[in-house]
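Quick notes on the structure that follows.
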2 protein chains.
Amino acid sequence: MTSFPEAFESFALKILSPDLSDAAHLRFQALARQVALEKDRSLDFDGNSSQLIFVGHGATKLVAHASEARDQIVAFHFGGEVFSVPEQDNYSYSVCALRDCSLLTFPADDFLNLAASEAGILRHLLDNTTGSLRRCREKTIALGRKTAAERVAVFLLAMSERIGMEQDGTVLLELPMSRRDIAESLGLTIETVSRQLSLLREAHVIETTGRSGIVLREMGMLKARAGYLRDAA
Amino acid sequence: MTSFPEAFESFALKILSPDLSDAAHLRFQALARQVALEKDRSLDFDGNSSQLIFVGHGATKLVAHASEARDQIVAFHFGGEVFSVPEQDNYSYSVCALRDCSLLTFPADDFLNLAASEAGILRHLLDNTTGSLRRCREKTIALGRKTAAERVAVFLLAMSERIGMEQDGTVLLELPMSRRDIAESLGLTIETVSRQLSLLREAHVIETTGRSGIVLREMGMLKARAGYLRDAA
DNA sequence: GCAAATCTTTGATCGAGATCAATGAAGGCC
DNA sequence: GGCCTTCATTGATCTCGATCAAAGATTTGC
């Protein structure tokens with residue numbers, strides 16, 4: 001298990017300015033709450049303040065709860081990433097562990113107050129948020145205009161960029177999320193996701209090993225099936 | 001027509017720090033490009049750098065172009081708002097005027113370099129981006145998990161918050177966007193949007209006047225039809 | 001190593017929304 | 001002010017993905 005100072009140091013390296021005073025550094029550390037979240041456990045923020053989350057290691061999903069039994073996965077986040085959980089408005093949000101995780105959580109408003117005059121930190125947060133926004137917009141496009149087949153292809157390509165291991169032309173994926181998670185992220189059902197994966201398997205575009213392993217054999221084919229404007233090389 | 005210094009001043013008031021030096025102020029001004037965009041005209045950024053847009057007045061849509069004839073409206077933006085247009089990646093983006101607009105555009109990277117040590121400006125941008133992210137996530141939930149009826153209700157409620165005129169219990173909307181725009185924003189077709197509006201009209205929840213006027217008569221009913229977790233008051 | 005529980009795959013049917021088609025209403029232009 | 005173009009509405013049919021149902025894999029626990 002990662003110890004608290006260790007997890008915080010990894011956060012500090014990524015987000016805090018290297019020339020931050022020790023005193024300021026300690027104030028940020030005092031604000032952090034370390035959470036060890038076991039697989040399938042989730043963190044609810046009934047309290048209404050927006051949170052900032054740092055994923056030390058592990059993999060998480062950010063879930064929005066619409067009316068009962070209708071959850072939408074808003075984003076996946078992996079080790080080293082920072083993201084913000086909105087305060088509860090029309091929906092309630094929770095962060096759930098796909099694998100055992102170590103997280104650091106900060107109340108967003110307190111954090112921003114502490115960082116009010118730290119341009120470097122704000123810049124890091126801005127870059128992170130802009131990245132989240134870009135991914136969220138791409139998801140919007142997929143959910144608004146793409147077929148089931150295209151969404152699954154887009155998902156596999158996105159995962160290949162984020163957690164794929166390249167190996168002589170093919171990409172190995174060890175997916176931390178279940179078919180249900182994929183479906184809830186893509187606005188589809190488990191059955192549809194499974195059928196689309198089967199089609200890709202039959203077309204020899206992918207191979208699957210067990211529940212979580214996927215080999216992307218034909219990246220070109222996959223891109224062609226993602227419904228992108230132009231097949232970027 | 002708004003003159004350039006005037007449009008920039010309105011931007012400066014919203015985003016730049018009041019205690020910014022005159023020299024810095026001028027450097028930002030030099031970076032700004034003023035664009036008067038007529039209704040239905042759009043601004044393409046084939047060039048690959050991300051842009052920062054300030055809407056002086058008017059109304060705009062941010063459109064992502066997926067494969068031909070499949071556009072998804074990613075966001076609407078109205079007078080006084082700032083937003084970022086991502087650089088072209090898997091999709092190309094354009095900003096299109098719903099009404100005559102005056103815009104200020106900045107290359108995002110140059111702007112951020114200028115603002116590198118201006119915590120106040122970065123904070124404004126961060127707040128704006130976080131707001132965009134929140135709205136984008138809500139759209140994701142709608143597109144992923146909501147029925148056509150719910151999406152249209154959500155849309156009307158969101159517009160009522162942003163550009164509605166309250167009048168003794170009812171809200172008057174003068175929509176700057178067409179049915180096509182609404183459909184492209186909600187991941188539906190024109191026909192479905194029109195049918196849902198007709199249903200709301202028959203249920204006396206809304207009234208429509210001409211093409212763009214809508215009166216929200218029963219806000220409670222509308223909220224109940226939006227599929228929110230709990231009917232917030 | 002076997003049994004139980006869970007997750008995934010496959011098949012059959014159904015339905016919400018898309019598509020195709022036509023009519024009706026607004027607004028623009030001469 | 002009337003014609004014409006464009007946009008919105010309404011109707012009929014079709015389709016993709018959801019739902020319902022069952023069988024097959026994979027993992028877990030003893």
Side-chain angles (χ1 to χ4, degrees), chain A residues 38-40 61 66-67 69-72 98-100 142-156 173-203 206-214 225 227, chain B residues 38-40 61 66-67 69-72 98-100 142-156 173-203 206-214 225 227:
Chain A
E38 291 171 28
K39 181 165 151 60
D40 293 332
K61 54 180 174 179
S67 40
R70 281 200 304 176
D71 288 347
Q72 172 68 38
L98 299 170
R99 297 248 178 278
D100 289 1
L143 297 192
R145 286 283 167 259
K146 282 182 189 286
T147 64
E150 289 170 332
R151 293 185 206 182
V152 170
V154 166
F155 169 81
L156 291 175
L173 279 179
E174 189 66 26
L175 294 182
M177 68 287 283
S178 69
R179 299 288 186 268
R180 172 169 300 281
D181 291 325
I182 300 174
E184 285 186 356
S185 162
L186 298 180
L188 300 169
T189 57
I190 323 177
E191 294 95 326
T192 299
V193 170
S194 182
R195 270 185 258 269
Q196 292 303 330
L197 289 176
S198 295
L199 287 174
L200 289 173
R201 208 183 299 122
E202 285 162 24
I206 66 170
E207 284 165 29
T208 56
T209 58
R211 278 176 186 165
S212 58
I214 297 193
R225 287 164 184 252
Chain B
E38 291 172 28
K39 180 167 152 56
D40 293 331
K61 56 179 175 180
S67 39
R70 282 198 305 175
D71 287 347
Q72 172 69 38
L98 300 170
R99 296 250 177 277
D100 288 2
L143 297 192
R145 285 284 168 257
K146 283 180 188 287
T147 64
E150 289 171 332
R151 292 185 207 183
V152 170
V154 166
F155 169 80
L156 291 175
L173 278 180
E174 189 65 26
L175 294 182
M177 68 287 284
S178 68
R179 298 288 187 267
R180 173 170 300 282
D181 291 326
I182 300 174
E184 285 186 357
S185 162
L186 298 180
L188 299 170
T189 58
I190 323 178
E191 294 95 324
T192 300
V193 170
S194 182
R195 272 185 256 269
Q196 292 303 330
L197 289 176
S198 296
L199 288 174
L200 288 172
R201 208 184 298 121
E202 285 162 25
I206 66 170
E207 283 165 31
T208 57
T209 58
R211 280 176 184 164
S212 57
I214 297 193
R225 285 164 185 252

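Residue numbering restarts at 1 for every chain, and letters A, B, ... go by the order of the sequence lines. Keep in mind that this is a model prediction, so the values were computed, not measured.
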Closest nucleotide among [options] to the [X] side chain:
| X | options | answer |
| --- | --- | --- |
| B:Ile190 | D:dG17, C:dT10, D:dT9 | D:dT9 |
| A:Glu191 | D:dT19, D:dT10, D:dG17 | D:dT19 |
| A:Ser194 | D:dT10, C:dC7, C:dT10 | C:dT10 |
| A:Ser198 | D:dT9, C:dT10, D:dA18 | C:dT10 |

Donor-acceptor pairs under 3.5 angstrom involving side-chain atoms of residues 178-190 of chain A: please list them, not counting sequence neighbours.
{"from": "A:Ser178", "atom 1": "OG", "to": "A:Arg180", "atom 2": "N", "distance (Å)": "3.3"}
{"from": "A:Ser178", "atom 1": "OG", "to": "A:Asp181", "atom 2": "N", "distance (Å)": "3.2"}
{"from": "A:Ser178", "atom 1": "OG", "to": "A:Asp181", "atom 2": "OD2", "distance (Å)": "3.3"}
{"from": "A:Arg179", "atom 1": "NH1", "to": "A:Arg211", "atom 2": "O", "distance (Å)": "3.2"}
{"from": "A:Asp181", "atom 1": "OD1", "to": "A:Lys61", "atom 2": "NZ", "distance (Å)": "2.7"}
{"from": "A:Asp181", "atom 1": "OD2", "to": "A:Ser178", "atom 2": "N", "distance (Å)": "3.2"}
{"from": "A:Ser185", "atom 1": "OG", "to": "A:Lys139", "atom 2": "NZ", "distance (Å)": "2.8"}
{"from": "A:Thr189", "atom 1": "OG1", "to": "A:Thr192", "atom 2": "N", "distance (Å)": "3.4"}
{"from": "A:Thr189", "atom 1": "OG1", "to": "A:Thr192", "atom 2": "OG1", "distance (Å)": "3.1"}

Decide yes or no, distance alone: a donor-acceptor N/O pair under 3.5 angstrom between the base of [N] and the side-chain of [X].
| X | N | answer |
| --- | --- | --- |
| B:Arg211 | D:dA8 | no |
| B:Arg195 | D:dG11 | yes |
| B:Arg179 | D:dT10 | no |

| query | Which atoms form the tightest heavy-atom contact between B:Arg99 and B:Pro176, and what is the distance? | reply |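 Heavy atoms only, the tightest pair is NH2-CA, 3.4 Å.
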
| field | Heavy-atom closest contact (A:Gly144 atom, B:Gln72 atom, distance) | value |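 Closest approach of A:Gly144 to B:Gln72, heavy atoms only: CA-OE1, 3.4 Å.
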
| said: Is there a side-chain contact between B:Leu200 and B:Leu156 in this structure, where contact means two heavy atoms from C-beta onward sitting under 4.5 Å apart? | reply: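 When only atoms from C-beta onward are counted, B:Leu156 and B:Leu200 do touch, with a gap below 4.5 Å.
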
Output the rounded distance in Å from [atom1] ([X]) to [atom2] ([N]).
| X | N | atom1 | atom2 | value |
| --- | --- | --- | --- | --- |
| B:Leu199 | C:dG17 | CG | P | 11 Å |
| B:Arg99 | C:dG27 | CZ | C1' | 13 Å |
| B:Ile182 | C:dG17 | CD1 | P | 16 Å |
| B:Leu197 | D:dC7 | CG | C1' | 13 Å |
| A:Arg70 | D:dT19 | CZ | C1' | 15 Å |
| A:Glu207 | C:dT8 | CD | P | 19 Å |
| A:Leu175 | D:dT27 | CG | P | 13 Å |
| A:Leu188 | C:dA16 | CG | P | 18 Å |

Looking at [N], I'd like to know if its phosphate oxygens (OP1 or OP2) sit under 4.0 Å from a side-chain N or O belonging to [X].
| X | N | value |
| --- | --- | --- |
| B:Thr147 | C:dA16 | no |
| A:Thr189 | D:dA18 | yes |
| B:Thr192 | C:dG17 | no |
| B:Ser178 | D:dC7 | no |

| Closest-nucleotide 5' rank along DNA chain C - winner of A:Arg145 and A:Gly210 |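 The residue mapped nearer the 5' terminus is A:Gly210.
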
| field | Closest-nucleotide ordering on DNA chain C, the 5'-leading residue of B:Ser212 and A:Arg180 | value |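 Nearest nucleotide further toward 5': that of A:Arg180.
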
| request: Determine the contact category for A:Gly187: base if any of its heavy atoms lies under 4.0 Å from a base atom, sugar-phosphate if only primed atoms, P, OP1 or OP2 are that close, otherwise nothing. | output: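 Contact class for A:Gly187: sugar-phosphate only.
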
| query | Base, sugar-phosphate alone, or nothing: which one does A:Arg201 contact when heavy atoms must sit under 4.0 Å apart? | reply |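 Contact class for A:Arg201: sugar-phosphate only.
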
| field | Upstream residue (5' side of DNA chain D) when A:Thr209 and B:Asp40 are each assigned their closest nucleotide | value |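 Residue closer to the 5' terminus by nearest nucleotide: B:Asp40.
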
| task | State whether A:Arg70 and B:Glu150 are salt-bridged, where the test is any N-O pair (Lys NZ or Arg NE/NH1/NH2 against Asp/Glu carboxylate O) under 4.0 Å. | result |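 B:Glu150 and A:Arg70: salt-bridged.
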
| message | Quick check against the 3.5 Å criterion: does A:Asp100 have a side-chain atom that pairs as donor or acceptor with the backbone of A:Glu38? | response |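 Not at all, since once roles are kept as given, no pair shorter than 3.5 Å links the two residues.
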
